[in-house]
There are 2 protein chains.
Amino acid sequence: MPATRFEFLPTLRELVRTYQAFDAFSGSHIRTLGLTTPQFDVIATLGNTQGMNCRDIGQKTLMVKGTLTGVLDRLEQKGLITRISHPTDGRSTLVRLSPAGEELFARVFSAHLAHLEPVFALLGRETLETLRQHLEQLRHSLEKQSDPSSDQEDFSRERR
Amino acid sequence: MPATRFEFLPTLRELVRTYQAFDAFSGSHIRTLGLTTPQFDVIATLGNTQGMNCRDIGQKTLMVKGTLTGVLDRLEQKGLITRISHPTDGRSTLVRLSPAGEELFARVFSAHLAHLEPVFALLGRETLETLRQHLEQLRHSLEKQSDPSSDQEDFSRERR
DNA sequence: CGTATTTAGTACGAACGCGTACAATATGAT
DNA sequence: ATCATATTGTACGCGTTCGTACTAAATACG
């Protein structure tokens, strides 16, 4: 048993704290735009597309389908998206931005990126790239160790 | 306007994906132990202490007090913690592990760390330390840019 | 002393998030 | 063609998360 057994804990703790700090920073801005974070993610995903089914939206936004149903319900109620039955696959639903949704996307998407940009600009290009690589390494390690017998939805194979 | 304006997006996306991968990996193991992630966090925080009030637990676990009430309710219902009124401060509640909670903590805490250890061991000590530093840089940048007029509970000053 | 402010915890509503179960449709093997 | 199996989306329950409002107790201030 090495004496350094749990020296990963500070990194782990920092990962959680940083993610939560980002989520709070991003989410509070999105809230001022009248959306929640998952709702914004869906709008951002559907922007500049001809629509897609729930499965694809789930892969892009990292939401499980059960969660997505409720988010789409609320977006549909706000009149920002439309659900029509898929022309060729009877199981699928084609989700698309409504005109109001398109308008919101145009108004809100780049505004939010502009809100985030200065935060990351402070780190510098090389630090950002190194950080991304290390996070990716960690994620791959997590995915490798995941129990393969669990047959929940599997995002580990797709690299988008 | 630089052409590299939004080159932070891959890093941002990787942060979210990696955090979610960790959360899924850790959470699915905790679930097999009969707890949820926040419940485990509270048990782990109270382990090897003489108890603390809700404010301190919230700071350690990064939960807002409103959230904590519900988590503590369920832990109390399971008989894992006890709530007694604070001897000197009439506003406070002293939260402590019950004997059953102590037993669970002893059984579950190191088991969970042992489950996480090999994932992080793959990265190596230096990578882990660099990753931690970069995440910390990003978090500080986020906290610096946060709107100071928002008067929600402020964890930005404590460094534990 | 008495009032104002701060602090600790709870109550409540809305929205996630996940696991499980389920109905409807596709797909594949024989 | 038929039957087993897989995929798509929804329904539902439990637990969490946040924001806001509220009560009670402690502290500060005049």
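Values below: all heavy atoms of this structure, side chains included; hydrogens, waters and symmetry mates excluded. Letters A, B, ... are given to chains in the order of the sequence lines, protein chains preceding strands, and every chain is numbered from 1.
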Q. The side chain of A:Val64 lies closest to which of these nucleotides: C:dA15, C:dC18, C:dT7?
A. C:dC18
Q. What orientation do B:His29 and B:His115 show, parallel under 30°, tilted 30 to 60°, or perpendicular over 60°?
A. parallel
Q. What's the closest nucleotide to the A:Gln39 side chain, out of D:dG9, C:dA15, C:dG9?
A. C:dA15
(Q) If you assign each of B:Val71 and A:Arg31 to its closest nucleotide in DNA chain D, which residue comes earlier from the 5' end? (A) B:Val71
Q. Once you round it to whole Å, what is the distance between P of D:dC22 and NZ of B:Lys65?
A. 14 Å
(Q) In this structure, how many angstroms lie between the P atom of C:dC16 and the CD atom of B:Gln20, rounded? (A) 14 Å
Q. Relative to the 5' end of DNA chain D, which residue comes earlier, A:Asp73 or A:Asp23, by the nucleotide with the nearest heavy atom?
A. A:Asp73
Q. Which part of the nucleic acid, if any, lies within reach of A:Thr88 when heavy atoms closer than 4.0 Å are counted: base, sugar-phosphate only, or nothing?
A. sugar-phosphate
Q: Let me know the distance between CG of A:Leu68 and P of D:dG9, rounded to the nearest Å.
A: 9 Å
Q) How are the rings of A:His112 and A:Phe40 set to each other: parallel, tilted or perpendicular (split at 30° and 60°)? A) perpendicular
Q: Using atom CG of B:Leu94 as one end and atom P of C:dG9 as the other, report the distance to the nearest whole Å.
A: 10 Å
Q: Output yes when B:Glu136 and B:Arg132 qualify as a salt bridge under the 4.0 Å nitrogen-oxygen rule, no when they do not.
A: yes
Q | Closest to side chain of B:Pro38, choosing from D:dT8, C:dT10, D:dT17 | A | D:dT17
Q) Base, sugar-phosphate, or nothing for B:Thr67, non-hydrogen atoms under 4.0 angstrom? A) base
Q: May I have the distance from B:Arg91 (atom CZ) to C:dA8 (atom C1'), rounded to whole angstrom?
A: 6 Å
(Q) Whole angstroms only, please: what is the CD-P distance between B:Gln77 and D:dC14? (A) 12 Å
Q) Taking OP1 and OP2 of C:dC16, is either one under 4.0 Å from a side-chain nitrogen or oxygen of A:Thr36? A) yes
Q. At under 4.0 Å, does any side-chain N or O of A:Thr69 touch on OP1 or OP2 of D:dT10?
A. yes
Q: To the nearest Å, give me how far apart CE (A:Met63) and P (C:dC18) are.
A: 10 Å
Q. In terms of side-chain geometry, is the basic nitrogen of B:Glu129 or B:Arg125 positioned less than 4.0 Å from the acidic oxygen of its partner?
A. no
Q: Look at the aromatic rings of A:Phe105 and A:Phe109 and report parallel, tilted or perpendicular, splitting at 30° and 60°.
A: parallel
Q) So, is A:Arg55 near the phosphate of D:dT8, with a side-chain N or O under 4.0 Å from OP1 or OP2? A) yes
**Q.** Distance in angstrom units between B:Asp56 CG and C:dG9 P, rounded
**A.** 8 Å
